[in-house]
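Read through the structure below, which is laid out as structure tokens, and then see the notes.
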Amino acid sequence: MNQMLRCPHDQRFSDLIRSRTGIQLPVHRRQMIESRLRPRIAAVGATGFDGYLARLFDDGLLEEELPLVIDLLTTNKTDFYRESVHFDVLVREIVPEAIRRTSPHAPRLKIWSAASSEGAEAYTTAIVLAEAQRSGQRFSFAILGTDISRRMLERAQRAIYSTEQLAPVPAELRARYTMKARTPTHAGTARIVPELRDRVQFMHLNLMDQTYAVDRDVDVIFLRNVLIYFGAEDQAAVVSRMVSHLRPGGYLMVGHSESMVVSHPHLTQHSPSIFRKT
């Protein structure tokens, strides 16, 4: 990992963030890091980023500030229907397969959005599965969304999105699964309907933890566009822990740019960014 050498505390800070979150902070990202932490730098009255690090490590503010630092440094890019091929595979292959496997009983699918941010991935999954049910396929489902950012989890639980955020959702489905705001203060926003919100739970979880408080018979785990921020050792450790939470035959879906970093003896590649547990 590239070192940050501008301040005596830079490397210490870099190592701390990597150990707590898996996120690497190379030197060329220092300007971005300082920009994201500017609200906290101002809040504690520090003089610049170096002064802020001194307040953390020399003045005893580390434990108080660290959750806020992690929240601000987390990349929270999220879109509805992002990398839509995954949702196509979910509906066209995984759901019918589960129905055949459990026939004559209707299966209950467990889906885990493991870096859920403000919930677009989890709610997209709920929409496409609800549509599959409407088409006559007999199954039930439960979705868990987890994230390291408590701020993003609060937004996900509110399930309120702007018109721009919801634009990738087909108009017919927006009409069916969202409710437009009725008050001027929330103009230009809509909320996911209660029937879908009831199917999705959100929970704080740090992927760097050694154990996860998640069921070990999950059918599909979305772990998309998060491994790219980790080093090779942390990538392998997180993938290994994820595999332990998949049922045999379950699927791990990663971002298209991450397929080359996934390697595990109990995973076989279904398609470029989809892996199946043997």
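Index from 1, following the sequence.
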Worked verdict on Glu172 versus Arg176 for salt bridge (Lys or Arg N to Asp or Glu O under 4.0 Å): CA-CA 6 Å; Glu172 179 183 357; Arg176 184 173 297 144; 2.9 Å; yes

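- The backbone N or O of Ala132 lies less than 3.5 Å from a partner atom in the side chain of Ser135, making a donor-acceptor pair.
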For a quick test of your reading: what N or O donor-acceptor pairs under 3.5 Å do the side chains of residues 57-70 make, sequence neighbours left out?
{"residue": "Asp58", "atom": "OD1", "partner": "His9", "partner atom": "NE2", "Å": "3.4"}
{"residue": "Asp58", "atom": "OD2", "partner": "His9", "partner atom": "NE2", "Å": "3.2"}
{"residue": "Asp59", "atom": "OD2", "partner": "Arg55", "partner atom": "NE", "Å": "3.0"}
{"residue": "Glu65", "atom": "OE1", "partner": "Arg40", "partner atom": "NE", "Å": "3.0"}
{"residue": "Glu65", "atom": "OE1", "partner": "Tyr52", "partner atom": "OH", "Å": "2.6"}
{"residue": "Glu65", "atom": "OE2", "partner": "Arg40", "partner atom": "NH2", "Å": "2.7"}

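- Counting only heavy atoms from C-beta outward, the side chains of Val220 and Trp112 never approach each other to under 4.5 Å.
- Closest of all the heavy-atom pairs between Arg247 and Asp219 is NE-OD1, 2.6 Å.
- Neither Leu223 nor Leu153 shares a network with the other; the hydrophobic side chains, linked directly or stepwise wherever heavy atoms of I, L, V, M, F, W or Y lie under 4.5 Å apart, form separate groups for each.
- Here side chain to side chain donor-acceptor pair (under 3.5 Å) pairs that include residues 252-269, with residues two or more places apart or in two chains, are His256-Ser273.
- Side-chain atoms of Gln210 and Arg241, non-hydrogen and from C-beta on, do get closer than 4.5 Å to each other.
- The closest donor-acceptor contact from the side chain of Arg191 to the backbone of Arg158 lies under 3.5 Å.
- Ile274 places none of its side-chain heavy atoms less than 4.5 Å from the side chain of Leu252.
- With Met242 as the fixed residue, the side-chain contact (heavy atoms from CB on, under 4.5 Å) test singles out one of Val218, Ile221, Val262, Leu267: Ile221.
- Across every non-hydrogen atom of Val214 and Leu144, the tightest pair is CG2-CD2, 3.9 Å.
- For Arg101, the CZ atom sits in a packed shell: over 12 heavy atoms of surrounding residues, nucleotides or ligands are nearer than 6.0 Å.
- The backbone N or O of Met203 lies less than 3.5 Å from no partner atom in the side chain of Thr146, so there is not a single donor-acceptor pair.
- Listed by first and then second residue, the salt bridge (charged side-chain N to carboxylate O under 4.0 Å, His left out) pairs involving residues 133-145 are Glu131-Arg134 (not counting sequence neighbours).
- At least one side-chain heavy atom of Phe13 sits under 4.5 Å from a side-chain heavy atom of Leu56.
- Counting only heavy atoms from C-beta outward, the side chains of Met152 and Ser116 never approach each other to under 4.5 Å.
- The two atoms that bring Ser117 and Ala156 nearest to each other are O-CB, 3.9 Å, heavy atoms only.
- The list of salt bridge (charged side-chain N to carboxylate O under 4.0 Å, His left out) pairs with a residue in residues 139-150, not counting sequence neighbours, is empty.
- Phe230 pairs by the ring-ring contact (aromatic ring centres under 6.0 Å, His included) definition with nothing, not counting sequence neighbours.
- Under the 3.5 Å distance criterion, the side-chain polar atoms of Ser19 are matched with a main-chain donor or acceptor of Asp15.
- Sorted by first and then second residue, the salt bridge (charged side-chain N to carboxylate O under 4.0 Å, His left out) pairs involving residues 192-216 (not counting sequence neighbours) are Lys110-Asp215.
- Checked by atom type and distance alone, the side chain of Lys277 pairs as donor or acceptor with a backbone atom of Val243 at under 3.5 Å.
- Salt bridge annotation for Glu121-Arg82: absent, with no cationic side-chain nitrogen under 4.0 angstrom from a carboxylate oxygen.
- Under the 4.5 Å side-chain contact rule for hydrophobic residues, Ile148 and Leu16 share a cluster.
- Counted by atom type alone, Gln165 and Glu118 present one or more donor-acceptor pairs between their side chains at under 3.5 Å.
- The two residues Gln137 and Pro96 have their closest heavy-atom pair at OE1-CG, 3.7 Å.
- In this structure, the side chains of Arg108 and Phe141 stay at 4.5 Å or more apart for every pair of heavy atoms.
- A donor-acceptor pair shorter than 3.5 Å can be found between the side chains of Thr183 and His186.
- The shortest non-hydrogen separation linking Asp234 to Gly22 is OD2-CA, 4.1 Å.
- For Tyr81 and Tyr123, the distance between ring centers is not under 6.0 angstrom.
- Salt bridge annotation for Arg92-Glu97: absent, with no cationic side-chain nitrogen under 4.0 angstrom from a carboxylate oxygen.
- Here the side chain of Ser103 pairs no donor or acceptor atom with the backbone of Ile99 at under 3.5 angstrom.
- Taking the side chain as every heavy atom from C-beta outward, Leu129 and Ile111 approach each other to under 4.5 Å.
- The distance between the ring centers of His270 and Phe275 does not fall below 6.0 angstrom.
- In this structure a side-chain-to-backbone donor-acceptor pair under 3.5 Å is present from Thr102 to Ala98.
- Two residues are said to be in side-chain contact when any heavy atoms from C-beta on lie closer than 4.5 Å; Leu207 and Leu205 meet this criterion.
- The minimum heavy-atom distance linking Phe87 with Thr125 is given by the pair CE2-OG1, 3.4 Å.
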